[in-house]
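For reference, the structure is listed below as C-alpha coordinates.
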Amino acid sequence: MPPELTVVGSINLDLVARVERLPRPGETISGATLDRFPGGKGANQAVAAARLGATVKLVGAVGDDPFAEEALAGLREAGVDTMLEVAGATGIALILLDERGENHIVVVPGANAEWAPAGFPGAVLCQLEIPVENVELAANEADFFCLNAAPARPIPPSLVERCDLVVVNRYELEALPAEPRLTALTLGAEGAVLLERGVEIARAAPPAVEVVDGTAAGDAFTAALVVSHLEGREWDEALRRACAAGALAASRFGAQPSLPTAAEVDEILAA
Ligand code: RIB
(Lines give C-alpha, C1' and ligand atoms only; values in the text may rest on other atoms or scores of the structure.)
Protein backbone atom coordinates (compact mmCIF):
# COMPACT_ATOMS: atom_id res chain seq x y z
CA MET A 1 0.00 0.00 0.00
CA PRO A 2 1.39 3.45 -0.87
CA PRO A 3 1.86 5.75 2.13
CA GLU A 4 -0.82 8.38 2.69
CA LEU A 5 0.12 12.01 3.30
CA THR A 6 -1.83 15.21 3.90
CA VAL A 7 0.01 18.40 2.96
CA VAL A 8 -1.44 21.61 4.40
CA GLY A 9 0.21 24.58 2.73
CA SER A 10 0.59 27.20 0.06
CA ILE A 11 -0.29 27.20 -3.62
CA ASN A 12 1.37 29.82 -5.84
CA LEU A 13 1.82 30.67 -9.45
CA ASP A 14 5.55 31.28 -9.98
CA LEU A 15 6.47 34.07 -12.41
CA VAL A 16 10.12 33.44 -13.22
CA ALA A 17 12.43 35.97 -14.90
CA ARG A 18 15.68 34.37 -16.04
CA VAL A 19 18.53 36.87 -15.96
CA GLU A 20 22.26 36.67 -16.56
CA ARG A 21 22.92 37.88 -13.02
CA LEU A 22 20.79 39.07 -10.10
CA PRO A 23 20.41 42.88 -9.91
CA ARG A 24 21.91 44.96 -7.09
CA PRO A 25 19.54 47.21 -5.06
CA GLY A 26 18.30 50.01 -7.31
CA GLU A 27 19.69 48.41 -10.49
CA THR A 28 17.58 47.58 -13.56
CA ILE A 29 18.47 44.53 -15.62
CA SER A 30 17.04 44.01 -19.10
CA GLY A 31 16.99 41.05 -21.49
CA ALA A 32 15.22 38.62 -19.15
CA THR A 33 12.92 35.84 -20.34
CA LEU A 34 9.67 35.06 -18.52
CA ASP A 35 8.25 31.65 -17.57
CA ARG A 36 5.20 30.70 -15.48
CA PHE A 37 5.17 27.53 -13.38
CA PRO A 38 2.81 26.11 -10.76
CA GLY A 39 4.57 26.50 -7.41
CA GLY A 40 4.17 27.24 -3.71
CA LYS A 41 5.93 25.16 -1.07
CA GLY A 42 2.78 23.27 -0.08
CA ALA A 43 1.76 22.41 -3.64
CA ASN A 44 5.36 21.59 -4.62
CA GLN A 45 5.76 19.16 -1.72
CA ALA A 46 2.37 17.57 -2.47
CA VAL A 47 3.29 17.06 -6.15
CA ALA A 48 6.74 15.75 -5.19
CA ALA A 49 5.28 13.25 -2.71
CA ALA A 50 2.76 12.02 -5.32
CA ARG A 51 5.50 11.55 -7.96
CA LEU A 52 7.47 9.61 -5.35
CA GLY A 53 4.58 7.18 -4.93
CA ALA A 54 2.47 8.48 -2.03
CA THR A 55 -1.29 9.00 -2.05
CA VAL A 56 -1.50 12.72 -1.34
CA LYS A 57 -4.13 15.24 -0.30
CA LEU A 58 -3.30 18.97 -0.47
CA VAL A 59 -5.30 21.34 1.72
CA GLY A 60 -4.88 24.97 0.67
CA ALA A 61 -6.41 28.02 -0.94
CA VAL A 62 -6.43 29.80 -4.28
CA GLY A 63 -8.07 33.03 -5.41
CA ASP A 64 -11.17 33.59 -7.47
CA ASP A 65 -9.07 34.69 -10.46
CA PRO A 66 -7.54 33.47 -13.74
CA PHE A 67 -4.26 32.43 -12.03
CA ALA A 68 -5.94 29.73 -9.94
CA GLU A 69 -6.28 27.02 -12.62
CA GLU A 70 -2.69 27.57 -13.77
CA ALA A 71 -1.45 27.28 -10.18
CA LEU A 72 -3.42 24.04 -9.71
CA ALA A 73 -2.36 22.38 -12.97
CA GLY A 74 0.61 20.48 -11.50
CA LEU A 75 -1.47 19.10 -8.62
CA ARG A 76 -4.13 17.86 -11.03
CA GLU A 77 -1.55 16.27 -13.34
CA ALA A 78 0.16 14.48 -10.42
CA GLY A 79 -3.17 13.07 -9.20
CA VAL A 80 -3.12 14.97 -5.89
CA ASP A 81 -6.51 15.13 -4.20
CA THR A 82 -7.27 18.76 -3.26
CA MET A 83 -9.37 20.33 -0.52
CA LEU A 84 -9.50 23.99 -1.51
CA GLU A 85 -10.80 27.26 -0.12
CA VAL A 86 -11.36 30.06 -2.62
CA ALA A 87 -10.55 33.49 -1.19
CA GLY A 88 -9.17 36.75 -2.60
CA ALA A 89 -6.27 36.42 -5.04
CA THR A 90 -4.12 33.41 -5.92
CA GLY A 91 -0.66 33.48 -4.29
CA ILE A 92 2.10 34.67 -6.60
CA ALA A 93 5.86 34.16 -6.32
CA LEU A 94 8.06 36.61 -8.25
CA ILE A 95 11.31 34.78 -8.91
CA LEU A 96 14.55 36.11 -10.38
CA LEU A 97 16.82 33.29 -11.49
CA ASP A 98 20.42 33.79 -12.60
CA GLU A 99 22.69 31.69 -14.82
CA ARG A 100 24.22 29.91 -11.81
CA GLY A 101 20.84 28.70 -10.55
CA GLU A 102 20.71 31.23 -7.70
CA ASN A 103 17.43 33.02 -7.10
CA HIS A 104 15.67 35.88 -5.34
CA ILE A 105 12.03 35.15 -4.45
CA VAL A 106 9.28 37.52 -3.32
CA VAL A 107 6.00 35.87 -2.34
CA VAL A 108 2.64 37.67 -2.46
CA PRO A 109 0.61 35.22 -0.31
CA GLY A 110 -2.94 36.28 -1.30
CA ALA A 111 -5.38 33.43 -0.58
CA ASN A 112 -2.69 31.44 1.28
CA ALA A 113 -3.02 33.88 4.19
CA GLU A 114 -6.82 34.01 4.21
CA TRP A 115 -8.16 30.65 5.34
CA ALA A 116 -8.03 28.29 8.30
CA PRO A 117 -7.72 24.50 8.12
CA ALA A 118 -8.93 21.80 10.49
CA GLY A 119 -6.64 19.20 12.05
CA PHE A 120 -5.99 16.02 10.09
CA PRO A 121 -5.17 12.50 11.29
CA GLY A 122 -2.35 10.37 9.84
CA ALA A 123 0.84 11.86 8.41
CA VAL A 124 0.71 15.65 7.95
CA LEU A 125 3.32 17.89 6.32
CA CYS A 126 3.38 21.71 6.58
CA GLN A 127 5.65 24.61 5.64
CA LEU A 128 5.68 28.24 6.80
CA GLU A 129 4.08 29.88 3.76
CA ILE A 130 0.71 29.87 5.52
CA PRO A 131 -0.10 31.61 8.83
CA VAL A 132 1.63 29.97 11.82
CA GLU A 133 -1.75 29.57 13.61
CA ASN A 134 -2.91 27.47 10.66
CA VAL A 135 0.16 25.25 10.90
CA GLU A 136 -0.67 24.71 14.59
CA LEU A 137 -4.27 23.81 13.69
CA ALA A 138 -3.13 21.41 10.98
CA ALA A 139 -0.81 19.65 13.44
CA ASN A 140 -3.53 19.13 16.06
CA GLU A 141 -4.66 15.60 15.20
CA ALA A 142 -1.64 14.33 13.26
CA ASP A 143 -0.11 10.96 14.15
CA PHE A 144 3.13 12.00 12.40
CA PHE A 145 3.78 15.71 11.92
CA CYS A 146 6.62 17.12 9.81
CA LEU A 147 7.33 20.83 9.50
CA ASN A 148 9.56 22.20 6.76
CA ALA A 149 10.28 25.46 8.62
CA ALA A 150 10.69 27.45 5.39
CA PRO A 151 10.75 30.31 4.77
CA ALA A 152 12.33 31.23 8.13
CA ARG A 153 9.93 33.18 10.36
CA PRO A 154 9.18 33.37 14.09
CA ILE A 155 7.29 30.36 15.46
CA PRO A 156 6.47 29.41 19.06
CA PRO A 157 8.59 26.75 20.83
CA SER A 158 5.40 24.70 21.36
CA LEU A 159 5.12 24.19 17.59
CA VAL A 160 8.67 22.86 17.37
CA GLU A 161 7.94 20.51 20.29
CA ARG A 162 4.82 19.26 18.47
CA CYS A 163 6.91 18.13 15.45
CA ASP A 164 8.10 14.58 14.90
CA LEU A 165 10.49 15.91 12.24
CA VAL A 166 11.66 19.41 11.30
CA VAL A 167 13.38 20.06 7.94
CA VAL A 168 15.53 23.21 7.73
CA ASN A 169 18.51 24.77 6.00
CA ARG A 170 21.23 26.56 8.01
CA TYR A 171 19.38 29.91 8.17
CA GLU A 172 16.06 28.31 9.08
CA LEU A 173 17.79 26.32 11.83
CA GLU A 174 19.05 29.58 13.39
CA ALA A 175 15.48 30.93 13.45
CA LEU A 176 14.08 27.96 15.42
CA PRO A 177 13.12 28.85 19.02
CA ALA A 178 13.78 25.32 20.36
CA GLU A 179 15.69 22.18 19.44
CA PRO A 180 13.50 19.70 17.54
CA ARG A 181 13.37 16.03 18.49
CA LEU A 182 14.50 15.14 14.97
CA THR A 183 16.05 17.68 12.58
CA ALA A 184 16.96 17.16 8.93
CA LEU A 185 19.45 19.90 8.11
CA THR A 186 20.16 20.54 4.42
CA LEU A 187 23.66 21.72 3.56
CA GLY A 188 23.32 22.56 -0.15
CA ALA A 189 26.00 20.86 -2.27
CA GLU A 190 27.33 19.06 0.83
CA GLY A 191 24.10 17.10 1.26
CA ALA A 192 22.27 16.79 4.57
CA VAL A 193 22.50 15.51 8.14
CA LEU A 194 19.88 14.10 10.46
CA LEU A 195 20.13 15.13 14.10
CA GLU A 196 18.34 13.51 17.03
CA ARG A 197 18.16 16.10 19.83
CA GLY A 198 21.21 17.74 18.24
CA VAL A 199 23.24 14.52 17.84
CA GLU A 200 24.06 13.38 14.29
CA ILE A 201 22.50 10.00 13.45
CA ALA A 202 22.79 10.03 9.64
CA ARG A 203 24.56 11.94 6.88
CA ALA A 204 24.25 11.79 3.08
CA ALA A 205 25.83 13.51 0.09
CA PRO A 206 23.91 14.32 -3.10
CA PRO A 207 24.78 12.80 -6.48
CA ALA A 208 26.74 15.15 -8.73
CA VAL A 209 24.47 17.19 -11.00
CA GLU A 210 24.71 20.45 -12.90
CA VAL A 211 22.66 22.97 -10.91
CA VAL A 212 20.48 25.18 -13.12
CA ASP A 213 17.68 26.24 -10.73
CA GLY A 214 17.58 25.75 -6.95
CA THR A 215 13.83 26.54 -6.78
CA ALA A 216 11.91 23.66 -5.12
CA ALA A 217 15.05 21.61 -4.40
CA GLY A 218 14.16 21.88 -0.69
CA ASP A 219 10.59 20.83 -1.48
CA ALA A 220 11.79 17.72 -3.33
CA PHE A 221 14.15 16.92 -0.42
CA THR A 222 11.43 17.30 2.21
CA ALA A 223 8.84 15.25 0.32
CA ALA A 224 11.33 12.46 -0.41
CA LEU A 225 12.45 12.28 3.22
CA VAL A 226 8.87 12.09 4.50
CA VAL A 227 7.67 9.60 1.86
CA SER A 228 10.74 7.37 2.39
CA HIS A 229 10.12 7.39 6.15
CA LEU A 230 6.44 6.55 5.68
CA GLU A 231 7.48 3.69 3.38
CA GLY A 232 9.37 2.26 6.34
CA ARG A 233 12.89 2.93 5.05
CA GLU A 234 15.76 3.43 7.52
CA TRP A 235 16.74 7.08 8.11
CA ASP A 236 20.10 6.55 6.32
CA GLU A 237 18.37 5.47 3.14
CA ALA A 238 15.62 8.07 3.49
CA LEU A 239 18.25 10.82 3.72
CA ARG A 240 20.09 9.48 0.65
CA ARG A 241 16.85 9.47 -1.35
CA ALA A 242 16.01 12.99 -0.15
CA CYS A 243 19.43 14.32 -1.23
CA ALA A 244 19.03 12.64 -4.63
CA ALA A 245 15.53 14.12 -5.09
CA GLY A 246 16.80 17.60 -4.14
CA ALA A 247 19.73 17.33 -6.55
CA LEU A 248 17.48 16.20 -9.42
CA ALA A 249 15.12 19.13 -8.81
CA ALA A 250 18.07 21.57 -8.82
CA SER A 251 19.23 20.18 -12.18
CA ARG A 252 15.97 21.22 -13.93
CA PHE A 253 14.10 24.49 -14.44
CA GLY A 254 10.90 25.50 -12.67
CA ALA A 255 9.28 24.44 -9.42
CA GLN A 256 6.86 21.58 -10.15
CA PRO A 257 8.26 20.60 -13.58
CA SER A 258 11.58 19.85 -11.81
CA LEU A 259 10.26 17.39 -9.21
CA PRO A 260 11.48 13.81 -9.77
CA THR A 261 9.61 10.51 -9.75
CA ALA A 262 10.58 7.54 -7.55
CA ALA A 263 12.03 5.80 -10.64
CA GLU A 264 14.29 8.79 -11.36
CA VAL A 265 15.54 8.78 -7.76
CA ASP A 266 16.21 5.01 -7.99
CA GLU A 267 18.05 5.50 -11.26
CA ILE A 268 20.41 8.26 -10.10
CA LEU A 269 21.20 6.38 -6.88
CA ALA A 270 22.01 3.22 -8.87
CA ALA A 271 24.32 5.08 -11.30
O1 RIB B 1 10.10 26.39 -2.49
C2 RIB B 1 9.92 26.97 -3.75
C3 RIB B 1 8.67 27.80 -3.79
O4 RIB B 1 8.82 28.91 -2.96
C5 RIB B 1 8.36 28.37 -5.15
O6 RIB B 1 7.61 27.48 -5.96
C7 RIB B 1 7.63 29.65 -4.85
O8 RIB B 1 6.25 29.57 -5.06
C9 RIB B 1 7.94 29.94 -3.39
O10 RIB B 1 6.85 29.85 -2.63
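Just follow the structure's listing: the first ligand is 1, and inside any ligand the first atom is 1.
- Atoms of ligand 1 lying under 4.0 Å from any heavy atom of E129, numbered from 1 in the order shown and given with element: 4 (O), 9 (C), 10 (O).
- When all heavy atoms of L165 and L194 are compared, the pair lying nearest together is CD1-CD1, 4.3 Å.
- Here atom 3 (C) of ligand 1 lies nearest to N44 when heavy atoms of N103, V16, I95, N44 are compared.
- Near A93, the atoms of ligand 1 lying under 4.0 angstrom from a non-hydrogen atom of the residue are 7 (C), 8 (O).
- Of all atoms in ligand 1, listed by their number and element, those nearer than 4.0 Å to a heavy atom of G39 are 6 (O), 8 (O).
- Atoms of ligand 1 found under 4.0 Å from any heavy atom of D219, numbered from 1 in the order shown, are 1 (O), 2 (C).
- Counting atoms of ligand 1 from 1 in the listed order, those under 4.0 Å from a heavy atom of D14 are 5 (C), 6 (O), 7 (C), 8 (O).
- Residue A216 approaches ligand 1 through these ligand atoms, each under 4.0 Å from one of its heavy atoms: 2 (C).
- Interface of A255 with ligand 1, defined as ligand atoms under 4.0 Å from a residue heavy atom, comprises 6 (O).
- Using modelled atom types, one side-chain atom of D213 and one backbone atom of G254 make a donor-acceptor pair closer than 3.5 Å.
- By the 6.0 Å contact criterion, CZ on F120 is enclosed, its count of non-hydrogen atoms from other residues, nucleotides or ligands being greater than 12.
- Atom 4 (O) of ligand 1 has its closest protein heavy atom at K41 NZ, 3.5 Å.
- Applying the 4.0 Å criterion to heavy atoms of G40 picks out, from ligand 1, the atoms 5 (C), 6 (O), 7 (C), 8 (O), 10 (O).
- Ring pair F144/H229 is tilted by interplanar angle, where 30° to 60° counts as tilted.
- Applying the salt bridge (charged side-chain N to carboxylate O under 4.0 Å, His left out) test to every pair with at least one member in residues 29-55, sequence neighbours left out, gives these pairs: R18-D35, R36-E70.
- No side-chain heavy atom of N112 sits under 4.5 Å from any side-chain heavy atom of E129.
- Side-chain atoms of W115 and L84, non-hydrogen and from C-beta on, never get closer than 4.5 Å to each other.
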